[in-house]
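Take a look at the structure set out below.
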Amino acid sequence: MKALDFVISDRLPGTLARAGEITTAHGTIRTPAFIVGGTKATVKALTPAHIEELGGQAVLANTYHLMLQPGAATIQQAGGLGAFMHWSKPTFTDSGGFQVFSLGMAYKKGIDATSHSTKGDSTLATHNAQQLATVTDEGVTFRSHLDGSTHHLTPERSMELQHAIGADIHMAFDELTSPLAAPDYVRRAMDRTHAWAERCLTRHAELNTEHVKDGQNEQALYGVVQGARDESMRRESAQFLGSREFDGFGIGGVFEPDEISSVVRWVTETLPDDKPRHLLGMGAQPADLFLGVEYGIDTFDCVAPTRQARNAAVYTPDGRINILNAKFKVDFSPISSECGCYTCQNFTKAYLHHLFKADEMLGATLASIHNEYFVVHLVDAIRDSLIHGTFFELKAQWFERYYKT
RNA sequence: GCAGGGAUAGUGAAGCGGUCAAACACGGCAGACUGUAAAUCUGCUGGCAUAUGCCUUCGGGGGUUCGAAUCCCUCUCCCUGCA
């Protein structure tokens with residue numbers, strides 16, 4: 001079969017929103033959809049059975065992390081990512097491009113992926129100010145965060161590794177820039193990303209040819225749009241990549257929710273309409289999701305639901321709460337009485353509070369089940385609202401409640 | 001009973017004449033986290049005041065000293081030897 005099939009079934013008039021289906025060798029994803037983050041071939045704290053039960057349609061893993069551990073060859077030997085992690089549905093891999101940034105410039109500048117923490121004193125930056133990645137036109141040299149060993153990643157190498165890992169949908173190897181980067185650097189990184197995109201396409205096609213020869217499925221490749229917050233560069237990037245033979249597109253380098261109605265819109269307006277668009281790394285909050293869909297995003301991925309769950313923050317229709325707060329010690333109601341997840345059906349806030357206080361692993365699992373269910377089902381509800389023409393009512397309801405305080 | 005040692009904030013534990021409202025750890029309270037170097041990180045944690053500040057603390061009581069958690073006396077309790 002073709003690497004990927006994308007069909008748009010419904011559109012919301014006056015917007016860029018659409019509902020459809022992406023079909024891969026491992027099944028169909030009804031879009032818009034939230035793709036669950038499974039960086040190291042595991043959705044942290046969850047089993048595949050949990051992911052399935054909470055409604056996850058696909059998982060996104062990371063090439064950089066898997067090349068270091070356990071190594072792409074090991075995953076290939078296991079029969080590919082899905083077989084290795086016992087996930088039979090569709091899979092994505094990110095190219096390692098994000099780590100060019102997160103292990104590179106982000107540390108040098110003392111900022112993290114969320115550009116609002118530019119004080120240089122918070123979160124990642126304090127971890128270790130040492131830069132672990134350096135970029136040239138040829139590729140990127142990383143020092144492993146695990147053991148300090150040196151690794152080299154080029155567009156070609158990323159393609160080879162992603163084919164070995166064997167996800168259904170791959171990302172082109174890109175370089176994203178900080179919103180604070182100087183315009184000339186953004187330009188340079190974008191041009192480099194475009195040159196890399198063409199190299200990715202070439203190597204990807206060769207590898208797919210080999211797959212076909214071996215009687216295996218072809219794999220899909222998304223080009224990744226960059227250009228920071230500059231409209232002309234974003235449109236140029238979308239134009240450039242949109243004219244190439246990609247199966248879909250990732251939109252990278254989006255950090256702030258308010259960039260969705262600007263940056264994302266410039267890109268989706270420019271990209272070919274008939275191919276899927278994935279918003280890389282964004283989509284934890286209702287606003288991200290509603291606006292993303294409204295401006296033409298088909299799939300999202302975000303690590304925040306599981307990361308925040310591990311740190312005791314859980315989502316409710318009335319906003320986010322911290323289950324560790326003293327007020328939940330004897331609150332014997334579920335996180336949300338309206339939630340259908342396994343956690344809310346069976347456990348109370350007081351119990352979760354206790355698990356987190358006691359540092360019990362089950363807390364992370366139950367909170368992760370809830371947060372992933374919350375986001376996955378919200379996107380599913382948004383999809384339904386698109387089909388039934390009730391998108392704006394649903395959006396208004398959610399904004400009214402979730403952001404009321 | 002005799003001889004030593006010890007009692008410090010919620011807990012453990014530094015400090016042994018002024019720079020001590022008292023290190024540090026844990027605990028407690030809150031916050032952050034968006035292609036996962038994240039089960040992580042940050043702030044606060046005697047009382048009052050937004051801040052330089054003021055007030056009450058280092059087992060109890062009494063002294064010495066300009067000044068005491070730190071020195072002396074005494075009481076209480078604990079621990080270790082010897083009876």
Side-chain angles (χ1 to χ4, degrees), chain A residues 34-45 59-66 68-69 92-104 106-107 112-117 119 121-133 142-148 169-176 222 224-226 250-260 278-289 292 299-313 315 320-322 324-327 329 355-368 371 375:
Chain A
F34 182 79
I35 311 305
V36 177
T39 305
K40 297 193 226 177
T42 166
V43 179
K44 295 183 194 298
V59 165
L60 181 143
N62 183 286
T63 303
Y64 165 81
H65 288 275
L66 294 177
L68 297 182
Q69 192 177 55
F92 291 63
T93 37
D94 189 21
S95 61
F98 183 72
Q99 280 67 35
V100 181
F101 171 78
S102 67
L103 303 181
Y107 287 88
D112 67 18
T114 60
S115 54
H116 41 260
S117 41
K119 296 135 316 215
D121 62 353
S122 65
T123 60
L124 274 184
T126 53
H127 236 251
N128 184 344
Q130 194 179 12
Q131 191 178 350
L132 296 178
F142 294 99
R143 283 198 29 240
S144 164
H145 67 281
L146 297 175
D147 61 7
I169 298 173
H170 304 172
M171 295 291 155
F173 189 60
D174 65 324
E175 179 185 2
L176 63 156
Y222 283 19
V224 179
V225 177
Q226 291 295 342
I251 301 172
V254 177
F255 296 104
E256 298 287 356
D258 65 21
E259 290 176 284
I260 293 171
H278 180 90
L279 181 56
L280 284 156
M282 256 273 146
Q285 291 215 33
D288 308 339
L289 274 3
T299 52
F300 300 84
D301 79 88
C302 189
V303 302
T306 49
R307 181 186 293 167
Q308 295 184 347
R310 268 175 275 126
N311 295 312
Y315 307 144
R320 204 180 84 182
I321 62 173
N322 186 344
L324 231 21
N325 286 172
K327 63 184 172 191
K329 185 174 165 63
L355 292 178
F356 275 97
K357 278 287 183 196
D359 204 23
E360 280 293 337
M361 294 185 288
L362 185 59
T365 296
L366 294 179
S368 296
N371 279 359
V375 174

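The shown structure was predicted, so the numbers you read here are calculated from the model rather than taken from an experiment. In what follows, every chain begins at residue 1, and chains take the letters A, B, ... in the order their sequences are listed.
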Using Watson-Crick or G-U wobble geometry with both distances below 3.5 Å, tell me the partner of [N], or none.
N	value
B/A7	B/U76
B/A30	B/U42
B/A22	none

Under 4.0 Å, heavy atoms only, any strand: does [X] hit a base, just the sugar-phosphate, or nothing?
X	result
A/Thr306	base
A/Lys357	sugar-phosphate
A/Gln99	sugar-phosphate
A/Pro257	base
A/His65	sugar-phosphate
A/Asp301	sugar-phosphate
A/Gly97	nothing
A/Ala364	nothing
A/Ala284	base
A/Glu360	nothing
A/Leu176	base
A/Ala313	base
A/Asn62	sugar-phosphate

Any heavy-atom pair between the side chains of [Y] and [X] that's under 4.5 Å?
X	Y	value
A/Val224	A/Phe98	no
A/Asp301	A/Phe92	no
A/Thr306	A/Asn371	no

Could you tell me whether the phosphate oxygens of B/C33, OP1 or OP2, come under 4.0 Å of any side-chain nitrogen or oxygen in A/Arg310?
->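 Negative; the distance criterion is not met.
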Under 4.0 Å: is that the gap between some side-chain N or O of A/Asn322 and OP1 or OP2 of B/C29?
->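 No, A/Asn322 has no side-chain N/O under 4.0 Å of OP1/OP2 on B/C29.
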Selection from B/C33, B/U36, B/G31 that lies nearest to any side-chain heavy atom of A/Asn325 |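 My answer, after comparing the listed nucleotides, is B/G31.
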May I ask you to check whether A/His145 and A/Tyr64 place their ring centres under 6.0 Å from each other?
->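 Centroid distance A/Tyr64-A/His145: below 6.0 Å, so yes.
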Is any N or O donor-acceptor pair between the side chain of A/Asp174 and the base of B/G35 shorter than 3.5 Å?
-> yes
B/C16 versus B/G6 - spacing of their P atoms, nearest Å =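 The same atom, P, in both gives a distance of 14 Å.
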